Amino acid sequence: MRYFVTTAIAYTNGDPHIGHAYEIILGDVIGRYHRTFNGNAFFLTGVDQHGQKVQQAAQKIGVAPYDFVRGLTDKFLALWNKLEIQKDGWAATTDPRHKRAVQKVLQELYDRGQLFKQRYSGYYSVRQEQFLTDKERNEQGEFGPEWGEVIFFEEENWYFPLAKHKEWLRNFVETHPHFVIPEFRRQELLNAIDRLSGDLCVSRPKERLSWGIEFPFDPDYVTFVWFDALLNYLTFAGYLAEPGSGLPDFGELWPCRGHIIGKDIMVPAHGIYWPIMLHAMQFSDVQMPRLVVHGWWNVEGHKMSKSLGNVIDPDTLADAYGPEALRYYLMRDVVTGHDADFSEERLVLRYNTDLANDLGNLINRTINMSQRYRKGVLAQRNSPVAGFAEHTSRALANYRDRFEQYMVNEAIEAAWDLVSRANALVEQSAPWHMAKDPGQKDQLDAVLYTLAETCRILALLVSPILPSAAERILSQLKASDFRGTAWGELPDGHVLGLPTPIFPRIEQINDY
RNA sequence: GCCAGGGUAGCUCAGUGGUAGAGCAGGGGACUCAUAAGCCCUUGGUCGGGAGUUCAACUCUCCCCCCUGGCACCA
């Protein structure tokens, strides 16, 4: 089995913002963690390219829908590349392999009587792409401006029955407390399940929406939103894939260990539609995925929104401060699941304090002292300073435990406990004094070895979050071939490289 | 109106029946290997308000106020 983790697929009707970047970095970090510490992972992310909004936006500027989404898709890909995202799969919903698998799923559901056709007439919001009921009317009995253009029409569509799976779903969520991380979202989901009624409309007639996946048994229709988008988690994991497709072995990946999503799409899409779809497709309870629901990034206390003009552009930030400062800040300054407040000042503070001052300087002074007092040669492999091997294994255990729960910020804190101990060790032992006293030769060797070995392990601990910095650290320690997490991998007589600041301080907040 | 979560040091938060904690910010000190980084010490709080249970309440019970999220309803 491989640890399978996904993000939601980004809708290609606008530029990526900090929320997209946060989510994909979290997925990347989780994937890298499992690759390094548990041997394997499969990280899937992608783009949601179909739908009415895309069709309309493309029409407006006079290009074909495919060309329109390709442009935005390239933009996302370029940014993910800049942010050092290491993805194992790329879920672009216009991929023919996805289309074929979605059609197979639809056909199967149809064959088993899980889809039915029904005529419906009523008011419809063009902007929100949904039928309106009296619930949506405002005080004046009208449909407010938030719905945009509202039209009345009658239409026949395909429906997926939700309500008949309600009891199963409620029971499933009640008996599987870990279905949703963090725990506090569960009650919200249970409340939503209690209110569940009706069926999900899963089609649109082609005359109205052609930019989608055709129904195999009714070619006048295409699939609508969630049936297309949610199924990416299966189709790009190799579900119903044809031989030679280049997709992974589904049996090795499923069930997904974490669908990383924003709190806005837990209910109803991922918490209700998705498990019911899987259940209807005859996935058993143990084959259900887990949801990891994160909060939103606010900006100085306000919601980020286009109308407020406070949308944070991760591309600009990465250019201004570097991808590592951004990755570190987004992972360190938020409690997984809760909202966070974005501040450029905090980003710079976190970088300078944690990375430049604490960790970077520790590595720099460690290597520098070794060079100065021992020409970079390590000795005393078997006698670390008292307690350090234990501190390291405790920090590692803590770090791993926190990572398994997606609490990346707490995992980072566990690693920094080690950083503080190492910096304190330098002060307490004062190698610059030891170096002047030949009688303390062995003690000095022990301190220098302990510090170097701690730095090596720290490089491994930060590697999921700061992959290229970790390589720079290992390279300076000449330890690129020593990647075990156990204490004492650096051999007696090992020679360190020369020190160069790993994280140069950011001296001022950029203007742009 | 209902459900959930929260109101603890200037800021972000941890704590759950027994003399208030961390990080950051602020103040002081010793040191010098280092990216003027790091280390040590330290000033801050009537723990939202009120009542109750208890030998003892930040921690339990009740009432109230405020904030956040979700849901509902109506002129």
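Hydrogens, waters and symmetry mates play no part in the numbers below; they use all other heavy atoms, side chains included. Convention: sequence-line order gives letters A, B, ...; per-chain numbering from 1. Just so it is clear, the model here is predicted, and its values are computed rather than measured.
To the nearest angstrom, P of B/A37 lies 22 Å from CG of A/Leu425. Atom CG in A/Leu458 sits about 15 Å away from atom C1' in B/G38, given to the nearest Å. The CH2-C1' distance, from A/Trp416 to B/A22, rounds to 18 Å in whole Å. One interatomic measurement links the two molecules: CG of A/Asn423 to C1' of B/A37, which rounds to 9 Å at whole-angstrom precision. What separates CG of A/Leu359 from C1' of B/A34 is a distance of 13 Å, to the nearest Å. Nucleotide B/U32 holds its C1' atom 12 Å from the CG atom of A/Asn361, rounded to whole Å. The CZ atom of A/Arg185 sits 14 Å away from the C1' atom of B/C3 (whole-angstrom rounding). Put simply, CZ on A/Arg421 is 18 Å from P on B/G38, counting in whole angstrom units.
The side chain of A/Asn357 contributes an N or O atom lying less than 4.0 Å from OP1 or OP2 of B/G38.
Side-chain contact check for A/Arg402 and A/Asn409: no donor-acceptor pair (N or O, by modelled atom type) lies under 3.5 Å. A/Ser429 and A/Gln443 share no side-chain donor-acceptor pair at under 3.5 Å.
For RNA chain B, the residues of residues 430-454 of chain A within the heavy-atom distance limit of 4.0 Å (strictly under) are A/Trp432, A/His433, sorted by number. Scanning residues 362-379 of chain A for heavy-atom distances under 4.0 Å to RNA chain B yields A/Asn364, A/Arg365, A/Asn368, A/Met369, A/Arg372, A/Tyr373.
Taking the six-membered ring wherever Trp is involved, the centroid distance between the rings of A/Trp274 and A/Phe160 does not fall below 6.0 Å. A distance below 6.0 Å separates the ring centres of A/Tyr233 and A/His270. Aromatic pair A/Tyr273/A/Phe227: ring centres not closer than 6.0 Å. Here A/His494 and A/Tyr449 keep their ring centres 6.0 angstrom or further from each other.
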Using a cut-off of under 3.5 Å, enumerate the N/O to N/O pairs linking the protein to nucleotides 23-29 of chain B.
none

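Rounded to the nearest Å, the gap between the P atom of B/G49 and that of B/C65 is 15 Å. For the C1' atoms, the distance linking B/A37 with B/C31 amounts to 13 Å, nearest Å. Here the separation of B/G44 from B/C3, taken at their P atoms, is 42 Å to the nearest Å. Here, B/A25 and B/C60 have their P atoms 33 Å apart, quoted to the whole Å. For B/C62 and B/U68, the C1' atoms lie 24 Å apart once the distance is rounded to whole Å. Nucleotides B/G6 and B/C13, compared at atom C1', are 12 Å apart to the nearest Å. Distance noted for atom C1' between B/G38 and B/G29: 14 Å (whole Å). Straight-line distance between the C1' atoms of B/U61 and B/U54: roughly 12 Å, to the nearest whole Å.
The shortest side-chain heavy-atom distance between A/Glu23 and A/Ile260 falls under the 4.5 Å cut-off. Considering only heavy atoms from C-beta on, A/Leu83 comes within 4.5 Å of A/Leu326 through its side chain.
Salt bridge absent: A/Arg327 and A/Glu84 never bring a charged side-chain N and a carboxylate O closer than 4.0 Å. Using a 4.0 Å cut-off between charged side-chain N and carboxylate O, A/Arg365 and A/Glu427 make a salt bridge.
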Salt bridge (Lys or Arg N to Asp or Glu O under 4.0 Å) assessment of A/Arg483 paired with A/Glu471
CA-CA 11 Å; A/Arg483 291 170 180 273; A/Glu471 292 310 315; 2.7 Å; yes
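Judged by distance alone, with hydrogens and angles left aside, the side-chain atoms of A/His34 form no donor-acceptor pair with the main-chain N or O of A/Gly31 at under 3.5 Å.
Taking the nucleotide of RNA chain B with the nearest heavy atom to each of A/Ile502 and A/Val419, the more 5' of the two is matched to A/Ile502. Nearest-nucleotide positions on RNA chain B place A/Pro501 closer to the 5' end than the other of A/Asn352 and A/Pro501.
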Counting Watson-Crick and G-U wobble pairs with both distances under 3.5 Å, what is the dot-bracket string for RNA chain B, 5' to 3', using [ ] for crossing pairs and | for pairs to another strand?
((((((((.[[[[.)..(..]]]].((((.........)))).....[[[[[..)....]]]]])))))))....
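Residue pairs that meet the ring-ring contact (aromatic ring centres under 6.0 Å, His included) test with at least one member in residues 402-442 of chain A, sequence neighbours left out, are A/Tyr33-A/Phe403, A/Tyr328-A/Trp416, A/Tyr399-A/Phe403.
If you run side-chain contact (heavy atoms from CB on, under 4.5 Å) between A/Met434 and each of A/Leu444, A/Leu448, A/Asp442, only A/Leu444 comes through.
Side-chain proximity of A/Glu427 to B/U35, B/G69, B/C33: nearest is B/C33.
In this structure, B/G44 shows a glycosidic angle within 90 degrees of zero, which is the syn conformation.
A search for salt bridge (Lys or Arg N to Asp or Glu O under 4.0 Å) contacts involving A/Arg421 returns A/Asp417, not counting sequence neighbours.
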